[in-house]
Amino acid sequence: MIEFCGLKLRHPVINASGCFDVLAAARVFGDELFEQFPFAAYVSKTITLRARAGNPPPRLWESAAGLINSIGLPNGGLRAYLETDLPALAAALPVPLITNVMGSTPEEVGEILDALEAEATVAAIELNVSCPNVATGLDIGADPDGLEALLHHVRPRSSKPLIVKLTPNTADVAACAAGAQAGGADAVSLINTLRALALAPGGSGAWLGGGSGGLSGPAIRTVALAQVSRVAQRVTIPVVGMGGVASGADARDLLDAGATLVAVGTESFRDPAAGSRIARELDDGFTQIAH
Amino acid sequence: MIEFCGLKLRHPVINASGCFDVLAAARVFGDELFEQFPFAAYVSKTITLRARAGNPPPRLWESAAGLINSIGLPNGGLRAYLETDLPALAAALPVPLITNVMGSTPEEVGEILDALEAEATVAAIELNVSCPNVATGLDIGADPDGLEALLHHVRPRSSKPLIVKLTPNTADVAACAAGAQAGGADAVSLINTLRALALAPGGSGAWLGGGSGGLSGPAIRTVALAQVSRVAQRVTIPVVGMGGVASGADARDLLDAGATLVAVGTESFRDPAAGSRIARELDDGFTQIAH
Amino acid sequence: MSAPFGRRHAPLLIRRTYGPYVVLGAGDESARAQPGQFYMLASAERWGGGDGERPYLARAVSVMSVGDEGLMEFLLEEVGPGTKRLCELEVGEGLLIVGPLGHGFDEPDAGVEPLLVGGGIGIAPLVAVQEAWGGQALLGFRDAEHAKAAELFTDPLVSTDDGSRGHHGFVTELLEAELAKQSRPIYACGPPAMLHAVRAVARTHEVDCELAVEAPMACGFGACYGCVVATVDGYRRVCVDGPVFDGAVLA
Amino acid sequence: MSAPFGRRHAPLLIRRTYGPYVVLGAGDESARAQPGQFYMLASAERWGGGDGERPYLARAVSVMSVGDEGLMEFLLEEVGPGTKRLCELEVGEGLLIVGPLGHGFDEPDAGVEPLLVGGGIGIAPLVAVQEAWGGQALLGFRDAEHAKAAELFTDPLVSTDDGSRGHHGFVTELLEAELAKQSRPIYACGPPAMLHAVRAVARTHEVDCELAVEAPMACGFGACYGCVVATVDGYRRVCVDGPVFDGAVLA
Ligand SMILES: Cc1cc2nc3c(=O)[nH]c(=O)nc-3n(C[C@H](O)[C@H](O)[C@H](O)COP(=O)(O)OP(=O)(O)OC[C@H]3O[C@@H](n4cnc5c(N)ncnc54)[C@H](O)[C@@H]3O)c2cc1C
Ligand SMILES: Cc1cc2nc3c(=O)[nH]c(=O)nc-3n(C[C@H](O)[C@H](O)[C@H](O)COP(=O)(O)OP(=O)(O)OC[C@H]3O[C@@H](n4cnc5c(N)ncnc54)[C@H](O)[C@@H]3O)c2cc1C
Ligand SMILES: Cc1cc2nc3c(=O)[nH]c(=O)nc-3n(C[C@H](O)[C@H](O)[C@H](O)COP(=O)(O)O)c2cc1C
Ligand SMILES: Cc1cc2nc3c(=O)[nH]c(=O)nc-3n(C[C@H](O)[C@H](O)[C@H](O)COP(=O)(O)O)c2cc1C
Ligand code: FES
Ligand code: FES
């Protein structure tokens, strides 16, 4: 049993937000999905106040040992989440639910937190601060002081554990993590995708319908390890490490670097049951070391 | 012929600093190296005021489609460069020489620029601003205002074309590029390596003797493309694009994104003549498109 | 029927070629695919190290045929590093498979023989349709070499772009001719331009058409939201809401 | 003699095994290697997609033997994704090669028969030494299975860690015994601990020793400064200043 922000988890492997739609997967894999549920907690895709259609396709580009996505956070909006998804998740999920949310203003974030406050199904909240600031074009979480100010504003709106999902597109991710902690975060998670670009073969501009995108997968694994290590050395709150995890050894590295939990994103695309495999490999690793 | 900061170059492919030691390569490959010289200009490894031994080994870690290095900028220092390397380079090089320099203070940089001023062999200077700031631990080039201030200080010390090699470990590389231009840079080059970490198998801490390192190679290709594109849209000075270039198509992407020249780093390790191959593939691409 | 959860290892049992196309056969006893469903395929060894240091993700491939005891056959055309690696596999080497996935073709009403309109590699799922429910196959290929894959069908009508085999011209011309004889529903799969033309023909002739569409996919089971196609109801994921859509629903 | 500039393609001509070791042979007519030199090797196809999405860089491999008309033979032991891929290559598949590289062993003085001390895969360059200049081979292996590679030498003395063949113990014990009979220079290659022990023995017996050392390499031609080893003159690049160093020079 692992204790994380008051949640009791069976093992340290959870999914990365936006990389596993448990309701779609249940349609595809049926009950077996829940009998062999791969994650110790389930993190939802990012929910926004209003519905978003997401970016026009193409939304994917395969790069060297990685994937660029420009999905654009499609979701039905807060109301649809409360009315449709949450009851379905409450009925189906064998593990705690962490709801990932984003807002383009502190007010928006606050409104979402207020609405989730009454929902017992929501065990914790992950706040995605990789949303671009309209004024600067930078991620709102890229600036330590701005991040701390945002948290001072929204933190009082929720009594649930609050995980801040940091942006990696910053000069000093450890300072951002410290800002999040100072603002009242209960944990931080990282890394989100690295800003990346793919051009269409033949010189006709950006390939992705949304312009640029975010790089994930093994390509970013060692960047993730560096950022997690820096952050874990700086903050005292727990850290959820992610980025390119594909094996128990990769997960072990993040734990060794100071993470409490590890999240699996892109690897689940290659292997839907990757979460269980990685948890098992981690466990085998422990056993091997113990012997 | 390509015109870059007053230099006339045969094609748009040069080497990335620290990724081709022409004097060592001449010992290995003899005259053939110069007969088939792969680059249109030659960029030296970073030179510092005083000699540096570099980091303790191991200095390399292979990652997914990439390489992490922690070389630590070994070099004989400015004096040895002037006395030993420059005359050898002047005698051997069939292309213009760009000398890459770094200093931990503006005074150090200024001193190096002064010394190079009299050297006719040095066609241009590349200033590496990825050196960590002792106070913050961040790269000195990570902050746009700091970078502009540094340049205001050192720019008057040299009449040679000055290329500023930006750091990618920043929230807003375009703002840094704009700072460099405002400070008087004649061109910018990017990307340098992404901060990355590898742990030794078996849980015994950092693998690299220098602790963390920098990620290069195909893994960072699409991150480089995103940064080059952003920078080229922001500045009016020429841009040297690099990061993961392994083929003419990769080089073409950077040129399409707005670069004037393309630099090849890690790919030369796999194929010492990669520069010529990439220039040829680029050329074939042009011809194909023209037909 | 739902797919077994997770990625499984299946040795390659069959490999044969039809002109430039490669048939791969692997056993998947635990699953039975419906016509129009697909699998995500990767090689078990050395998936990577091709052009641009790819492939990395698995590739979506339609079920071409469901044999006895869960033998699945796939038809492949080499277009990039992923299909190259799959096409190079030898019998005895391993595949990693996830599936069957997606929403396939609807079974035709009793007694109805649909028209199966396929273009190029798009013929693959139509082999499964014909095996399951019959139907008249109308197949368009670049040339006679590619048209060798017509052998996979019973009594197909063939067109080629260069006239080297069958009708010289578009497969939609064969379709027009058949519909002129008898109004029947259409099941189609092929390149976007062909599907577009098929939809126009279906509209004119007021017949139903079901189209199997493609989109770049990362996961194949609804996890990444990457494979969307525009429909009258907004973006839909091809992997879970398709790959087969009613032609009237696509935007 | 300098190496041809650039990376070349060489088809694999020979593959045979000695216990767990694999010999690969490829033609490189334009070059002749000196004993102790090495090549950077990669497979021409599918270099990547192994454990951790590696290999990516080429791998340094000693020249084991230089045959007629530039036939180069290499001896490989599988220890990770790069050597795994190389060991799997089949005759006719392609290698990408850069070399010969590095500073090899110095030719012994006329009439001097050196002692060739090899441990495990470190025996590879000593085969080339014995072919070129003779010498008594003293070889240490884990067990009899590994010791099958002793066949590559003329009249070797063998030790094994488990005593399953030859002397039960360390190869340095064989070395002590030989030096007790006759003082001769040493050429050695093997794991760091063995090289350390060999240096100590050489110092005690006041004989010269040349050691071929290893370091992780990215380029093999002095470009990356990644492969340094500490010497009495500071860090030196193994790929251009070595891989063979005078034992007295290493720090
Ligand atoms: C439901 C479904 C069923 C399918 N059934 C079959 C089938 O039965 N048989 C079959 O052969 N194929 C089938 N396909 C198509 C097959 O999945 C693709 O051809 C395959 O994924 C291509 O991979 P590749 O590596 O060979 O080529 P890629 O290099 O991935 O290129 C394929 C196309 O993708 C684009 N592209 C180029 N580079 C990249 C990049 N870096 N990242 C992303 N896109 C890029 C280009 O438009 C290119 O033409 C199906 C696809 C779907 C969605
Ligand atoms: C001059 C020279 C000559 C050589 N001659 C021979 C020879 O004749 N025959 C032969 O078989 N070998 C030879 N080697 C050794 C050979 O180059 C290595 O065994 C090979 O590079 C290992 O690659 P790999 O992918 O198989 O294993 P890797 O996975 O690269 O592992 C090899 C070792 O590197 C470390 N390592 C693990 N992961 C990584 C990583 N991600 N990045 C970097 N290091 C890692 C570990 O210590 C591991 O034990 C020689 C080496 C040198 C320098
Ligand atoms: C297709 C895709 C969609 C994603 N969607 C979200 C999202 O909605 N919210 C979020 O916070 N992160 C999202 N991410 C980022 C992941 O949660 C994760 O931080 C990142 O992918 C790195 O992990 P990985 O390399 O294991 O994929 C997404 C990533 C991918 C690849
Ligand atoms: C081994 C190694 C050494 C490097 N040394 C330097 C250096 O001395 N100065 C510098 O400005 N950049 C240095 N770099 C960074 C490269 O110049 C280049 O910016 C980076 O590697 C990205 O390009 P690539 O992916 O083509 O290698 C080095 C990179 C590598 C891999
Ligand atoms: S391929 Fe991932 S959602 Fe369809
Ligand atoms: S391996 Fe690059 S300098 Fe030796």
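Residue numbers start from 1 in every chain, and the chains themselves are labelled A, B, ... in the order their sequence lines are given, proteins ahead of strands. What's counted below: heavy atoms across the whole structure, side chains too, no hydrogens, waters or symmetry copies. What you are looking at is a predicted structure, and each value in this text was computed from that prediction instead of being measured.
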Does B:Glu62 use its side chain to pair, donor to acceptor, with the backbone of D:Arg54 at less than 3.5 Å? no

Residue selection (most heavy-atom pairs with chain D, distance under 4.5 Å) from [options]:
options                              : answer
B:Gly209, B:Gly18, B:Gly66           : B:Gly66
B:Gly72, B:Pro74, B:Pro218, B:Ala274 : B:Pro218
B:Ser276, B:Ala26, B:Pro58, B:Ser63  : B:Ser63

Considering only heavy atoms from C-beta outward, does the side chain of [X] approach that of [Y] to under 4.5 Å?
X        : Y        : result
D:Tyr235 : B:Pro57  : yes
B:Asn69  : D:Cys224 : no
B:Pro272 : D:Val98  : yes
B:Glu32  : D:Pro4   : yes

Does B:Arg27 make a cation-pi contact with D:Phe221 (under 6.0 Å, within 45 degrees of the axis)?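 The answer is no; the distance or angle limit is not met.
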
Please determine whether the number of non-hydrogen atoms from other residues, nucleotides or ligands lying under 6.0 Å from atom [atom1] of [X] exceeds 12.
X        : atom1 : value
D:His103 : NE2   : yes
B:Phe34  : CZ    : yes
B:Asp31  : CG    : no
D:Asp246 : CG    : yes
D:Asp161 : CG    : yes

Residue part contacting chain D, namely of [X], when any heavy atom lies under 4.5 Å:
X       : result
B:Ser70 : neither
B:Asn55 : backbone
B:Ala25 : both

Roughly how far apart are [X] [atom1] and [Y] [atom2], rounded to 0.5 Å?
X        : Y       : atom1 : atom2 : value
D:Met217 : B:Arg59 : CE    : CZ    : 13.0 Å
B:Leu33  : D:Phe5  : CG    : CZ    : 5.0 Å
B:Thr266 : D:Leu57 : OG1   : CG    : 7.5 Å

Where do D:Gly6 and B:Phe29 come nearest, in terms of heavy atoms and distance?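 D:Gly6 and B:Phe29 have their closest heavy atoms at N-CE2, 4.3 Å.
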
Over all heavy atoms of both residues, which pair between D:Tyr56 and B:Arg270 is shortest? Give the atoms and the distance, please. O-NH1, 2.7 Å

Measure distances from D:Arg8 to the heavy atoms of chain B and classify the residue's part below 4.5 Å as side chain, backbone, both or neither.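 Neither part.
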
Between D:Gly220, D:Ala215, D:Cys227, D:Pro55, which residue shows the highest count of heavy-atom pairs closer than 4.5 Å to chain B? D:Pro55

Sort out for me which of D:Ala58, D:Pro216, D:Gly222, D:Ala218 touches chain B most, counting heavy-atom pairs under 4.5 Å.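 Greatest number of close heavy-atom pairs with chain B: D:Ala218.
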
